[in-house]
Amino acid sequence: MWKRLVPGLGVAASLVLAAGCASSALPPGASSSAPVRQPGVPSAPATSSAVPASAYPGGLPQLKLRPASGPVGTHVTISGQLNPGQVRADEPYFRQPAYFNLITDVWADCAKAPHAYPYDCSAGPASLAGCELIVDLIHPLINLDTATGRVTGSLTVGGEGTCFQDRPTGHPQATLPGRYVLAIGAHATSWALFTVTGSPGPTPASTAPVEVHVASCPVPAGDYAGTPYSPRPAPGMLSLPASLTLPGNAQIFGTEFLPGPASYLLGPKSATCQGYLASADGGEIMTATSVSDRSESVTMIIRPGGAGPSTDLACPYIPAVLAADKVFRQDLGHVFCNHPSADVIRQMPTHTASLYAAAVLVPAHAKDPDIQGSGDGPDPTVALYTAEVGQGAANGQMVACTLAPGQADICAASLKFFLATQAQISTRISAASLSRMEDALSSFLAGQNI
């Protein structure tokens, strides 16, 4: 395996342009049939027939990491843009990445490393010389919007990894300070650089992640007709930041619609969950419905399915989406973008260009045709809409909760959980701005007695 970084792109956006899974990390004196990485040398033709677009020398994608450096435990957001050709070539790698790791080559002295590895090298003990250290990531998420080419995601830098092909050792190794490449898809592809600055300091007990049980949210097998996929459950446990407290009567439901990151919904423990996949256009919906009262539910639209529904979704509630919808629908936005006058709408400032959010309250006994659950019973409905707005199109998501007043804490928690863990825009908003959004959402909910 060998990788080549694009000169002049900078640390956060530097790319590595090769594919394949032969190891470049060999003990001194060992040989391999695979070419060794040589920075600045043009890429050789890949030996595999399945090569991501990032392996090619023209029109290369740029993924940015924020921050681009930090100690073990650092939470990192991923963003970038692929052109249509890259989307076609790389979509399988983002949908089901064989590798999603930080990788570095370990040598006693990076300045004297074989072939002068300047980009992905970490200084380590002589016993690890030649180890290509593959570090596991915590809660890695990656998403490629095939309609827009936008890449979003996040990861937390893990504390240990293993040497590729067990050379020189197969035992777990601590993550070393140094420079790492981010591999997504094939082992030898790298989309960005990250510098590990050291081990984390002691974690106060109050900020330690909390493990919570995940209940199943099954998707009917018939929803997968015509696809090579079948329903898959989400992992049985989910790690949440301690700052995201759950009510005692709450339950996290999860499912994996298609190969890739699972989706999660917070609802009451007394609910049953159902997932829905529109395989023809990629629509994904989860609904947790109360067993005792079917008019009470929590619904999340993860992907509306198609450019039109995605643009229409938030247009009644977010002015920037309304403007994009009018362009998309050629000034027919009024057909899709009305809302009842009884709705209470509050814009949630994201402090980030092109990203928007709005909280909505539909009063008790009122009906908003665009918000599932509203008006189905005597209880109010509260919803949160998010959207990324581009030129004449938008990528929208939402969650809505309709429960009895005694379960208002579940509704508040479901919206906060969605914003913190499921909304795609949250991966592109700074931690400080996201915290301000969470405060604004809490204020709105409290003002509506939710």
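Given the structure is predicted, the values throughout are model-derived calculations rather than measurements.
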Drop me the distance from [X]'s [atom1] to [Y]'s [atom2], to the nearest 0.5 angstrom.
X: Thr421; Y: Leu240; atom1: OG1; atom2: CG; answer: 7.0 Å
X: Leu419; Y: Met348; atom1: CG; atom2: CE; answer: 9.5 Å
X: Ser127; Y: Gln173; atom1: OG; atom2: CD; answer: 7.0 Å
X: Thr255; Y: Met286; atom1: OG1; atom2: CE; answer: 6.0 Å
X: Tyr276; Y: Asp223; atom1: OH; atom2: CG; answer: 9.0 Å
X: Cys217; Y: Gln274; atom1: SG; atom2: CD; answer: 6.5 Å

Determine yes or no for a side-chain-to-main-chain donor-acceptor pair under 3.5 angstrom, with [X] supplying the side chain and [Y] the backbone.
X: Ser239; Y: Glu211; value: no
X: Gln397; Y: Gln424; value: yes
X: Thr104; Y: Arg179; value: yes
X: Asn101; Y: Ile103; value: no
X: Ser435; Y: Ala431; value: no
X: Ser426; Y: Ala423; value: yes
X: Ser414; Y: Cys411; value: yes
X: Thr311; Y: Ala393; value: no
X: Gln422; Y: Leu265; value: no
X: Ser310; Y: Ala394; value: yes

Heavy-atom closest contact ([X] atom, [Y] atom, distance):
X: Leu82; Y: Phe94; value: CD2-CE1, 4.3 Å
X: Ile318; Y: Ala358; value: CG1-CB, 3.7 Å
X: Cys273; Y: Pro218; value: O-CD, 3.4 Å
X: Pro231; Y: Ala221; value: CG-CA, 3.9 Å
X: Gly390; Y: Ala324; value: O-CB, 4.4 Å
X: Ser154; Y: Ile78; value: N-CD1, 4.0 Å

Residue among Val298, Ile410, Val382, Ile450 satisfying side-chain contact (heavy atoms from CB on, under 4.5 Å) with Leu415
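The side-chain contact (heavy atoms from CB on, under 4.5 Å) with Leu415 is passed solely by Val382 among Val298, Ile410, Val382, Ile450.
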In this structure, which one of Ile301, Ile285, Ile302 forms a side-chain contact (heavy atoms from CB on, under 4.5 Å) with Met398?
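Between Met398 and the candidates, side-chain contact (heavy atoms from CB on, under 4.5 Å) is satisfied uniquely by Ile301.
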Step by step, work out the side chain to side chain contact (heavy atoms under 4.5 Å, CB included) result for His351 and Ile429.
CA-CA 8 Å; His351 307 282; Ile429 296 173; over 6 Å; no
List the atom pairs, with distances to 0.1 Å, where a side-chain N or O of residues 66-77 and a protein N or O form a donor-acceptor pair under 3.5 Å, not counting sequence neighbours.
| from | atom 1 | to | atom 2 | distance (Å) |
| --- | --- | --- | --- | --- |
| Arg66 | NH1 | Ser79 | OG | 3.2 |
| Thr74 | OG1 | Pro71 | O | 2.6 |
| His75 | ND1 | Thr156 | OG1 | 3.4 |
| Thr77 | OG1 | Arg66 | O | 3.3 |
| Thr77 | OG1 | Thr427 | O | 3.4 |

Side-chain contact test, heavy atoms from C-beta onward, threshold under 4.5 Å: evaluate it for [X] versus [Y] and give yes or no.
X: His339; Y: Asp370; value: no
X: Tyr224; Y: Leu258; value: yes
X: Tyr385; Y: Val360; value: yes
X: Tyr180; Y: Asp120; value: no
X: Cys315; Y: Lys326; value: no
X: Ile184; Y: Leu63; value: yes
X: Met437; Y: Thr350; value: yes
X: Asn395; Y: Thr148; value: no

Just do the side chain to side chain contact (heavy atoms under 4.5 Å, CB included) check on Arg150 and Gln81 with the steps written out, would you?
CA-CA 5 Å; Arg150 177 74 64 182; Gln81 182 73 46; 3.5 Å; yes
Where at least one partner belongs to residues 71-86, residue pairs that pass salt bridge (charged side-chain N to carboxylate O under 4.0 Å, His left out), sequence neighbours excluded:
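Output for this query is empty, none listed.
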Yes or no on side chain to side chain contact (heavy atoms under 4.5 Å, CB included) for Tyr264 and Val212, after CA distance, side-chain angles and deciding distance?
CA-CA 12 Å; Tyr264 299 95; Val212 297; over 6 Å; no
Is there a side chain to side chain contact (heavy atoms under 4.5 Å, CB included) between Leu182 and Leu155 once you walk through the steps?
CA-CA 11 Å; Leu182 176 64; Leu155 59 90; 4.0 Å; yes
Pair Tyr93 + Trp191: ring centers closer than 6.0 Å
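No: the rings miss the under 6.0 Å criterion.
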